[in-house]
Protein chains: 2
Amino acid sequence: MRDSDTPMIRSLPLFHDMADDSFEELVRGAYVQSFPPMVELLVEGDGSDFLYIVVDGTVELVAGWNDSETTMTVLREGSTFILAAVIREAPNLMSARTLEKSKVIMLPAEDVRRVFAKDHAFARAVVRELAFCYRGVIKCVKGLKLRTSLERLANYLLKWQKKLGGDTRFTLTVEKRRLASILGMTPENLSRAIKALRPYGVVITGLNVEITKPDDLKSLAKPTPLIDDPRS
Amino acid sequence: MRDSDTPMIRSLPLFHDMADDSFEELVRGAYVQSFPPMVELLVEGDGSDFLYIVVDGTVELVAGWNDSETTMTVLREGSTFILAAVIREAPNLMSARTLEKSKVIMLPAEDVRRVFAKDHAFARAVVRELAFCYRGVIKCVKGLKLRTSLERLANYLLKWQKKLGGDTRFTLTVEKRRLASILGMTPENLSRAIKALRPYGVVITGLNVEITKPDDLKSLAKPTPLIDDPRS
DNA sequence: TTTTTCGTTTGACATATATCAATGACGAGC
DNA sequence: GCTCGTCATTGATATATGTCAAACGAAAAA
């Protein structure tokens, strides 16, 4: 890999506090690769030979069963994935594919485990990262079990409005059928849900969202940090 | 706490490999408490002052939203809980309550974090534990998003049959309305789902389960280790 | 033993969500 | 500018699941 990529990795929480020589050791065997859209980076059920880091673009994690599949999450710059599988030397529970042209760094799993075993700061960072991911998935389960798809959509919109600066107007970062899958519904149902949010001041045309009555929408969505706050 | 409890803790994967003095430090400030059934051990949204370990009995983790609640999981001897919240010093995402008379060990969160910061072996064990929990929740999401409630029930039965020794007959370990909540359905719906499994050789009377046509049931359930195998 | 309580089951019904088919809208490539 | 393909939308319908009320049954309390 090129030296120009290392500062970006180094600045990630996962690698920030580790010893220099440990970092060297990790980076030495790393690959940087650019992929076109819709490339399968790894397949559910396979072993995990690398820890992945998204440098640029977007990568989706999908899970399949019985001829159908669902989007678990969409990752962007700075995200790592299949950390848990690498640590436990277990098969991937999800497939990963690029959505856009994307650049990813691949750290050989062996290296990660070796450095993890000897560098305490790195081990601590892995813990914090995993704890973060764990809590993210727990929130996801809570949404699925406690909310209807309409409520999940309403909260999704509020969450992204905040994430993108809080403006009245903003743009969705994924296409609608993928959004439907993320929220655990069909594209048709999403279409109807969007219509159903109109009385609450939501207008969506294409990927453009406008929220004219945020209070009304919030009274429907009833957001709570214990489900909807990505950090914490 | 009494010395008689320490060997059990020490034998758990989380504490097995850590240094003796670190273990001493953890155990020194620990509390052991016995609670009657249905005692709220901690409340969703509160800060986490302790890391909990179930020594005996059963504890359920529940999450609530908008006046309804759902059972996230039921824990038994040897399980730890709210590890992620303790590590991140973040509010609990779930409440915990005893189901039966239960004995739990409470390790002050401060101690856990301090030992975690200095003992590399403990940090590594925490990583393994968190990675394990993370993968468990991912499997849960996959089940919720990819399967119907009937399929979830079928797989639940097969999973517990195996876990309890593989016998044709076995006994459910939770009451039905809690099972319904675990599976993400209503008690009424569970009742009907149980009836719907009759053609597949499932007879449930009270908490007793009999599976007479395992192959038929499996052809409906289509179990996969990537969702249904708790280890790995 | 009787009574009470609580969990389960059942039926009738309402709602949520998925499916299928058709149409419409938009962008990529020619 | 056209054509094709893909995604989004709409309507009709089917299925899955939830809700409410009542009846039932087993375990705990009197």
Side-chain angles (χ1 to χ4, degrees), chain A residues 36-38 60 65-71 74 97 99-101 143-157 171-199 202-209 220-221, chain B residues 36-38 58 60 65-71 74 97 99-101 143-156 171-199 202-209 220-221:
Chain A
M38 299 308 283
E60 77 167 342
W65 181 76
N66 194 219
D67 295 325
S68 67
E69 66 170 44
T70 186
T71 300
V74 173
R97 79 167 68 100
L99 289 182
E100 319 167 348
K101 182 175 181 319
L144 287 169
K145 290 180 81 174
L146 292 167
R147 287 173 171 165
T148 67
S149 56
L150 186 67
E151 290 163 341
R152 289 198 295 274
L153 172 61
N155 280 294
Y156 180 93
L157 294 175
T171 303
L172 295 174
T173 57
V174 290
E175 55 185 341
K176 283 182 185 161
R177 88 193 152 105
R178 223 167 303 276
L179 173 57
S181 185
I182 291 170
L183 295 174
M185 61 208 284
T186 59
E188 295 95 327
N189 196 16
L190 173 62
S191 237
R192 289 171 185 126
I194 288 172
K195 260 173 135 176
L197 286 184
R198 193 132 199 182
V202 175
V203 183
I204 303 184
T205 46
L207 294 181
N208 298 313
V209 182
L220 170 71
Chain B
M38 299 307 285
T58 51
E60 76 167 342
W65 181 75
N66 194 219
D67 296 324
S68 68
E69 69 170 43
T70 186
T71 300
V74 173
R97 78 167 70 100
L99 289 182
E100 320 167 347
K101 182 173 180 322
L144 288 169
K145 290 180 81 173
L146 292 167
R147 288 173 170 165
T148 66
S149 56
L150 187 66
E151 290 163 340
R152 289 198 295 275
L153 172 61
N155 279 294
Y156 180 93
T171 304
L172 296 175
T173 56
V174 289
E175 57 185 340
K176 283 182 184 161
R177 89 193 151 106
R178 222 168 302 277
L179 172 56
S181 185
I182 290 170
L183 295 174
M185 59 208 282
T186 58
E188 294 94 328
N189 196 15
L190 174 60
S191 235
R192 287 167 187 130
I194 288 173
K195 261 174 137 177
L197 286 184
R198 192 132 199 183
V202 175
V203 182
I204 303 184
T205 46
L207 294 181
N208 297 314
V209 182
L220 169 72

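Labels below follow one simple rule: chain letters A, B, ... track the order of the sequence lines, proteins then strands, and each chain is numbered from 1.
Residue B:Leu207 contributes atom CG, which lies 18 Å from atom P of C:dC6 at whole-angstrom precision. Going from atom CD of A:Glu151 over to atom C1' of C:dT17 covers 14 Å, rounded to whole Å. Rounded to whole Å, atom C1' of C:dT10 lies 14 Å from atom CG of B:Leu190.
Remark: the backbone N or O of B:Thr71 is paired with a side-chain donor or acceptor of B:Ser181 at under 3.5 angstrom. Looking only at distances, a side-chain donor or acceptor of B:Arg152 sits under 3.5 Å from a matching main-chain atom of B:Arg147.
Side-chain contact between B:Leu197 and B:Leu150: present, with at least one pair of heavy atoms (C-beta onward) separated by less than 4.5 Å. Within the 4.5 Å cutoff, no side-chain heavy atoms of B:Val174 are placed close to those of B:Glu60. You'll find the side chain of A:Leu157 reaches within 4.5 Å of the side chain of A:Ile204, heavy atoms only.
For A:Ser149 and C:dT17, the shortest distance from a side-chain N or O to OP1 or OP2 is below 4.0 Å.
Atom-to-atom distance recorded for B:Ile182:CD1 and B:Lys176:NZ is 14.0 Å, nearest 0.5 angstrom. A distance of 11.0 Å separates OG of B:Ser68 from NZ of A:Lys145, quoted to the nearest 0.5 Å.
Of the two residues contacting DNA chain C, namely B:Glu175 and B:Arg192, the nearest-nucleotide position lying further toward the 5' end is that of B:Glu175.
Within residues 178-189 of chain B, the residues approaching DNA chain D are B:Gly184, B:Met185, B:Thr186, B:Glu188, B:Asn189, by heavy-atom distance under 4.0 Å.
On the nucleic acid side, DNA chain D contacts chain B at distances under 4.0 Å to non-hydrogen atoms, with the end points of that region at D:dT17 to D:dC20.
With B:Leu183 as reference, B:Leu153 is the one residue of B:Leu144, B:Leu153, B:Asn155, B:Asn189 to meet the side chain to side chain contact (heavy atoms under 4.5 Å, CB included) rule.
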